[in-house]
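Here is the structure we will look at, set down as structure tokens.
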2 protein chains.
Amino acid sequence: MARKPSQTRAKATVNAIVEAGFIAMAERGPAATTTRQIADIAGVGVGSLYEYFDNKDAIFSVMSERFVADTVALIRPLIPTLVRMPISDAVRELLERFREFLQEGDGRYLNCVQYAITLDFEMYLDPLQTALSELVTQYLMHHPETLQIRSIPTMSYIMIHGGIFAVVRHLTEPNPPISFDELVEGLARMVGHYIEQEIALAKATRSELNAQTRGD
Amino acid sequence: MARKPSQTRAKATVNAIVEAGFIAMAERGPAATTTRQIADIAGVGVGSLYEYFDNKDAIFSVMSERFVADTVALIRPLIPTLVRMPISDAVRELLERFREFLQEGDGRYLNCVQYAITLDFEMYLDPLQTALSELVTQYLMHHPETLQIRSIPTMSYIMIHGGIFAVVRHLTEPNPPISFDELVEGLARMVGHYIEQEIALAKATRSELNAQTRGD
DNA sequence: TGCTTGTTCGGATTCAATTCGGAAAAATTA
DNA sequence: TAATTTTTCCGAATTGAATCCGAACAAGCA
């Protein structure tokens with residue numbers, strides 16, 4: 001961003017530009033939107049775009065940042081509730097809320113997720129990963145029995161990334177072979193089973209060790 | 001593609017262009033590569049690009065197609081072997097081969113996967129999904145006990161998409177928090193546990209039903 | 001009100017993608 | 001082999017979108 005807006009009028013302009021960006025992006029996708037279109041929708045001159053944004057991509061970047069920040073703002077407050085639920089219910093709840101979030105405000109975000117992958121969005125994914133990692137960490141702390149499972153970082157990595165992308169991919173596909181509810185249910189079960197199985201395994205290993213100790 | 005090359009010379013230029021595309025893409029990413037660069041690397045005039053490709057994106061599309069086709073060509077022959085292995089070993093084997101595939105030829109593909117998501121690559125992902133679906137189907141048929149598990153399409157969807165993207169994401173990240181081997185191991189365990197748990201569940205349900213039947 | 005600073009604008013500029021018409025090379029024919 | 005047709009190649013010219021810039025306009029302040 002080339003310059004910070006100081007007056008309220010200027011802040012309104014910046015906001016109008018970002019809003020226009022969302023509208024244009026939802027209509028045609030990022031590749032097909034021109035600076036002129038954004039400017040027209042925002043009701044400002046083309047030149048104004050460059051007062052506050054270094055270039056066209058900078059507008060998209062701010063949009064991505066805003067989207068990710070809003071998503072994180074959705075997740076963070078849910079953490080205390082989620083950590084007290086059974087794991088599969090927590091997954092279900094989280095994804096259900098996410099779906100609602102995408103659909104609110106006439107589904108603008110929904111139209112953008114579709115193109116989000118196209119952008120340098122990845123750069124701005126970090127806060128989301130951090131928030132989800134925090135959720136996982138807190139969950140583990142609230143359920144001490146889960147702390148026995150092996151390689152928690154790996155498990156967490158797979159669940160977060162596999163989960164994010166399975167969901168994003170599903171939202172992106174024009175004709176997904178399964179419904180969103182089925183996806184959510186499947187993810188909930190997958191996570192649930194993994195945890196159960198690992199706990200059972202840890203228990204078995206422990207009792208085996210005990211047996212050996214007694215045997216010697 | 002505007003015109004088909006008929007002479008061998010022309011086929012060579014088409015090939016040179018696509019190769020140049022891979023080189024340029026690996027160096028600077030797709031957004032920063034210009035038609036002139038591609039032409040220079042390929043050793044042809046800019047105009048020649050447009051003899052065989054409608055536009056710049058068409059070059060990237062062909063690259064994506066080629067990459068996906070090669071990946072499918074990697075997977076297909078592995079299917080007969082994979083379906084005879086325990087599920088987690090099959091996952092390990094598949095991913096190990098995929099890693100080798102990406103690294104061969106001085107890692108050109110490896111540099112491209114990074115940008116693959118950026119392109120309309122998704123359009124060309126279908127064959128890969130189909131191949132993996134086939135793998136899953138054949139696997140299920142070779143292991144009749146797995147046919148009891150619930151909502152196979154959902155499970156298959158999650159494993160394929162979550163898996164693809166977790167792997168792609170890992171390859172893309174500059175400093176992944178876990179190693180590729182850990183990722184592979186985690187995915188293998190996750191899939192393995194899910195299957196085991198579902199089979200156990202099905203068995204439990206069945207014997208419960210039997211008990212009820214006997215009880216009445 | 002006069003002065004300074006912030007804001008807006010749209011024509012001018014720049015740069016990359018794409019087009020086009022003809023030259024060179026290869027294939028075909030006589 | 002020479003003439004003719006087809007295919008291929010090219011790079012200067014065109015086009016259109018992104019970006020820059022300096023004049024004109026508004027806000028804050030004395």
Side-chain angles (χ1 to χ4, degrees), chain A residues 1-64 115 118-121 123, chain B residues 1-64 115 118-121 123:
Chain A
M1 201 177 274
R3 194 160 59 81
K4 286 277 174 220
S6 71
Q7 302 179 358
T8 38
R9 181 168 63 128
K11 281 176 191 155
T13 308
V14 170
N15 206 55
I17 292 170
V18 176
E19 288 298 304
F22 275 111
I23 293 169
M25 171 116 118
E27 274 177 7
R28 310 147 167 279
T33 59
T34 68
T35 49
R36 190 170 299 278
Q37 281 170 22
I38 295 179
D40 285 350
I41 295 173
V44 304
V46 244
S48 301
L49 302 186
Y50 293 89
E51 289 295 327
Y52 305 104
F53 301 93
D54 283 333
N55 50 45
K56 190 171 71 155
D57 282 343
I59 299 174
F60 291 132
S61 291
V62 170
M63 287 162 58
S64 295
Y115 302 111
T118 312
L119 307 175
D120 63 342
F121 179 73
M123 302 294 155
Chain B
M1 200 178 273
R3 194 160 59 83
K4 287 275 174 220
S6 70
Q7 302 178 1
T8 39
R9 181 171 60 133
K11 282 175 191 156
T13 49
V14 169
N15 204 55
I17 291 169
V18 176
E19 289 298 303
F22 276 112
I23 293 168
M25 170 116 119
E27 275 176 6
R28 309 148 168 277
T33 59
T34 68
T35 49
R36 189 171 300 279
Q37 281 169 22
I38 295 178
D40 286 349
I41 295 173
V44 303
V46 245
S48 300
L49 301 187
Y50 294 88
E51 289 293 326
Y52 305 104
F53 300 93
D54 282 334
N55 50 45
K56 191 171 71 155
D57 282 343
I59 299 173
F60 290 132
S61 291
V62 170
M63 287 162 57
S64 295
Y115 303 110
T118 313
L119 306 174
D120 63 343
F121 179 72
M123 302 294 154

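Naming: A, B, ... by sequence-line order, numbering from 1 per chain.
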Provide, to the nearest angstrom, the distance between the OH atom belonging to A:Y52 and the P atom belonging to D:dT19.
-> 18 Å
For the residue pair B:A42 and B:A16, what are the closest heavy atoms and their distance?
-> CB-O, 3.6 Å
Rounding to a whole Å, what distance do you find between A:E51:CD and D:dA23:P?
-> 15 Å
How many Å lie between CZ on B:R9 and P on C:dA25, as a whole number?
-> 8 Å
Candidate nucleotides D:dT19, D:dT7, C:dA17, ranked by approach to the side chain of A:V46 - the nearest = D:dT19
If only side-chain N and O atoms of B:S6 are considered, is one of them under 4.0 Å from the OP1 or OP2 phosphate oxygen of D:dT8?
-> yes
Determine the contact category for B:T35: base if any of its heavy atoms lies under 4.0 Å from a base atom, sugar-phosphate if only primed atoms, P, OP1 or OP2 are that close, otherwise nothing.
-> base
Using atom CG of B:D57 as one end and atom P of C:dT18 as the other, report the distance to the nearest whole Å.
-> 7 Å
Name the nucleic acid region contacted by B:S48, choosing base, sugar-phosphate or nothing; use a 4.0 angstrom heavy-atom cut-off, strictly under.
-> base
side-chain N/O A:R3 vs C:dT7 OP1/OP2, d < 4.0 Å = yes
Spacing of B:L49 atom CG relative to D:dC10 atom C1', expressed in whole Å | 11 Å
Identify the two heavy atoms, one from A:Y52 and one from A:K4, that lie closest to each other, and give their separation to 0.1 Å.
-> CE2-C, 4.3 Å
Of the candidate nucleotides D:dT8, D:dT19, C:dT8, which contains the atom at the shortest distance from the side chain of A:K56?
-> D:dT19
At their closest point, which heavy atom of A:F60 faces which heavy atom of A:T33, and how far apart are they?
-> CZ-OG1, 3.4 Å
Closest non-hydrogen contact found for A:G21 with A:I38 is N-CG2, 4.3 Å
OP1 or OP2 of C:dC20 under 4.0 Å from side-chain N/O of B:Y50 = no
Would you please test A:F53 and A:V18 for side-chain contact (heavy atoms from CB on, under 4.5 Å) and show each step?
-> CA-CA 10 Å; A:F53 301 93; A:V18 176; 3.9 Å; yes
Between C:dT19 (C1') and B:N55 (CG): distance, integer Å = 13 Å
Please report, rounded to the nearest Å, how far the P atom of D:dG11 is from the CD1 atom of B:I38.
-> 17 Å
Interatomic distance where CD belongs to A:Q7 and C1' belongs to D:dA26 [whole Å] | 7 Å
What nucleic acid atoms does A:T34 come within less than 4.0 Å of, heavy atoms only: base, sugar-phosphate, or nothing?
-> sugar-phosphate
Could you pick out which residue, A:T33 or B:R36, lies toward the 5' side of DNA chain D when each is mapped onto its nearest nucleotide?
-> B:R36
